Amino acid sequence: MKFTVFILFLLSFTISIQAQQNQRFIAVTIDDLPVVVKNGDLAKRQEITKKLLKHIAKAKVPAIGFVNEGKLYKEEKRVEAEIDLLRGWLGAGLELGNHTYSHLSLHDNPLEKYTAEILKGEIITKELLKRKNLEMRYFRHPYLWTGLDLETKASLNEFLREHNYTIAPVTIDNSDWIFARAYDNAIEKKDKKLQKQIGAAYVPYLIEKTAYWERQSTKLFNREIKQILLLHANSINADYFDDLAKALEKRSYKFITMDEALTDEAYKLPDNFVKRNGISWLHRWALDKGKENILPDEPKTPNFVLKAAGIDSE
Ligand SMILES: [Zn+2]
């Protein structure tokens with residue numbers, strides 16, 4: 001009898017070790033808060049926030065949201081109902097970061113204007129965080145545009161350091177924003193069939209994309225690093241985040257915080273990318289090692305989604 005117990009113990013121990021070995025880690029980051037939606041009124045923004053937060057809480061995802069504070073003002077006056085949306089995020093125990101005041105492009109504006117926008121974009125969020133005894137800690141570049149030369153990049157990094165910001169990188173880059181635009185267009189046209197088709201293609205697309213970034217990570221590091229997923233506070237995520245969370249869990253992902261993700265050694269590597277596009281940090285690191293390290297066949301957004309979004313190509 002004792003022997004059987006011992007064997008069972010050994011077996012469960014081995015299974016748990018195996019489970020740990022197969023465990024994957026992902027931090028979920030959600031940009032353009034409070035909401036990014038085409039033709040959405042306040043009621044729509046409230047609905048999107050409510051649904052999104054419900055799904056995030058249900059799946060116990062310690063997500064971080066990146067705020068464009070410009071959306072909290074109307075004619076330079078604070079709009080409490082919009083600020084309430086952010087209070088919802090903090091009430092759900094989630095962290096907030098800075099995404100500039102008006103989603104400004106670093107590539108089309110002088111650095112001084114950009115840094116002024118970072119400061120202008122932290123006022124309300126910092127107040128809200130302070131009431132929860134939290135601090136603003138993370139910065140996410142709009143469009144993931146991080147500078148067209150190393151000098152600008154270094155100056156911005158210095159500014160961010162001085163203001164206690166850590167850059168929030170992205171590894172699982174994707175085009176959820178194209179799906180969202182297509183989805184919003186379908187809703188606007190009251191085309192339920194198309195809306196459903198777009199929704200049905202969304203989670204499989206994101207999982208395919210995730211699998212690609214897993215392979216890219218293995219190619220670069222011989223292992224899967226702790227991933228950071230970029231999503232937006234939009235209507236398609238409000239409707240499908242639940243399904244996405246389930247699909248990621250099925251893929252052995254454990255949801256972690258931004259802090260936990262950044263404990264991965266990979267994030268100590270520099271970001272030397274100075275081209276115009278906003279790309280995954282995995283591709284930035286791959287390019288540093290030579291173009292041949294970029295894995296081919298990155299999954300594309302389906303044509304019918306591009307068409308519904310009114311976008312010619314990715
Ligand atoms: Zn953004």
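Just so it is clear, the structure is predicted and the values come from calculations on it, not from any experiment.
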Hey, is the main chain of I172 close enough, under 3.5 Å, to the side chain of N174 for a donor-acceptor pair?
yes
Does E188 CD have over 12 foreign heavy atoms under 6.0 Å away?
yes
Charged N to carboxylate O below 4.0 Å: is that the case for D41 and K44?
no
Could you see if Y73 belongs to whatever hydrophobic cluster contains L33? Use Ile, Leu, Val, Met, Phe, Trp, Tyr and a side-chain cutoff under 4.5 Å.
yes
Can you give me the closest heavy-atom contact between L90 and L96, atom names plus distance?
CG-CD1, 3.8 Å
Ignoring hydrogens and angles, tell me if any N or O in the side chain of E224 forms a donor-acceptor pair with the backbone of T218 under 3.5 Å.
no
What do you reckon, are the aromatic ring centroids of Y143 and H141 less than 6.0 Å apart?
no
Side-chain contact, heavy-atom cut-off 4.5 Å: I56 with V28?
no
Within the 3.5 Å criterion, strictly below it, is a donor on S102 or E117 matched to an acceptor on the partner's side chain?
yes
Assess the pair H232 and W177: is the distance between their ring centroids shorter than 6.0 Å?
no
So, Y101 and E122: side-chain donor and acceptor under 3.5 Å apart, yes or no?
no
Can you tell me if D149 has over 12 outside heavy atoms packed within less than 6.0 Å of its CG?
yes
Between I64 and I48, is there a shared hydrophobic cluster once you connect ILVMFWY residues whose side-chain heavy atoms come closer than 4.5 Å?
no
Would you find more than 12 non-hydrogen atoms of other residues, nucleotides or ligands less than 6.0 Å from E292 atom CD?
yes
Which atom pair, heavy atoms only, marks the closest approach of T171 to Y267?
CG2-OH, 3.4 Å
Any salt bridge between D271 and K153, counting N to O under 4.0 Å?
yes
Within 45° of the six-membered ring axis of F25 and under 6.0 Å from that ring's centre, is NZ or CZ of K226 located there?
yes
Check for a donor-acceptor pair, side chain of D191 on one end and backbone N or O of A186 on the other, with a separation under 3.5 Å.
no
With no hydrogens and no angle check, do the side chains of Q23 and S252 hold a donor and an acceptor under 3.5 Å apart?
no
Not counting sequence neighbours, which residues clear salt bridge (charged side-chain N to carboxylate O under 4.0 Å, His left out) with D31? List them please.
R140
Is the shortest side-chain N to carboxylate O distance from D264 to R223 below 4.0 Å?
yes
Is it true that E298 and R215 have a side-chain N and a carboxylate O under 4.0 angstrom from each other?
no
Salt bridge between R24 and E214, side-chain N to carboxylate O under 4.0 Å?
yes
Donor-acceptor check, side chain of T210 to backbone of L206, threshold 3.5 angstrom: yes or no?
yes
Strictly by modelled atom types, are Y138 and N98 linked by a side-chain donor-acceptor pair under 3.5 Å?
no
Thinking salt bridges, do K209 and D173 make one under a 4.0 Å N-O criterion?
no
Scan side-chain atoms only and decide if N68 and H99 contain a donor-acceptor pair under the 3.5 Å cut-off.
no
Please state whether the rings of Y212 and H283 are parallel, tilted or perpendicular, taking 30° and 60° as the class boundaries.
perpendicular
For the pair Y205 (side chain) and S175 (backbone), establish whether a donor and an acceptor sit closer than 3.5 Å, ignoring hydrogens and angles.
yes
Could K71 and E82 be called an ion pair, given the rule that one side-chain N must be under 4.0 Å from one carboxylate O?
no
Do K193 and K196 have side chains that get closer than 4.5 Å, going by heavy atoms?
no
Check the side chains of D176 and N237 for a donor-acceptor pair under 3.5 angstrom, ignoring hydrogens and angles.
yes
From the options L194, I236, V37, I178, select the one residue that forms a side chain to side chain contact (heavy atoms under 4.5 Å, CB included) with Y183.
I236
Decide whether L128 and L119 are clustered together by the hydrophobic rule: side chain heavy atoms of Ile, Leu, Val, Met, Phe, Trp, Tyr closer than 4.5 Å, transitively.
yes
Tell me the closest heavy-atom pair linking L53 and A92, and the distance in Å.
CD2-CB, 4.4 Å
Give every donor-acceptor pair under 3.5 Å between a side-chain atom in residues 272-279 and any protein atom, sequence neighbours left out.
from : atom 1 : to   : atom 2 : distance (Å)
N272 : ND2    : D288 : OD2    : 3.0
R276 : NH2    : D108 : OD1    : 2.7
R276 : NH2    : D108 : OD2    : 3.1

Could you tell me whether the side chains of E69 and T125 share a donor-acceptor contact shorter than 3.5 Å?
yes
Within the 4.5 Å heavy-atom criterion, are L86 and L72 side-chain neighbours or not?
yes
Does a salt bridge link E265 with K268, judged by any charged N lying under 4.0 Å from a carboxylate O?
yes
Please confirm whether the backbone N or O of G290 pairs with a side-chain atom of N293, one donor and one acceptor, at under 3.5 Å?
yes
Backbone N or O of K130 within a donor-acceptor pair of the E135 side chain at under 3.5 Å?
no
Looking only at heavy atoms, the pair that brings A247 and I207 closest together is CB-CD1, 3.7 Å
What I want to find out is whether E158 reaches R161 closely enough, with some N-O distance under 4.0 Å, to be called a salt bridge.
yes
Report yes if some heavy atom in the side chain of K289 is under 4.5 Å from a heavy atom in the side chain of L220; otherwise report no.
yes
Hey, quick one: are I256 and L248 part of the same hydrophobic cluster, counting side-chain heavy atoms closer than 4.5 Å, chains of contacts allowed?
no
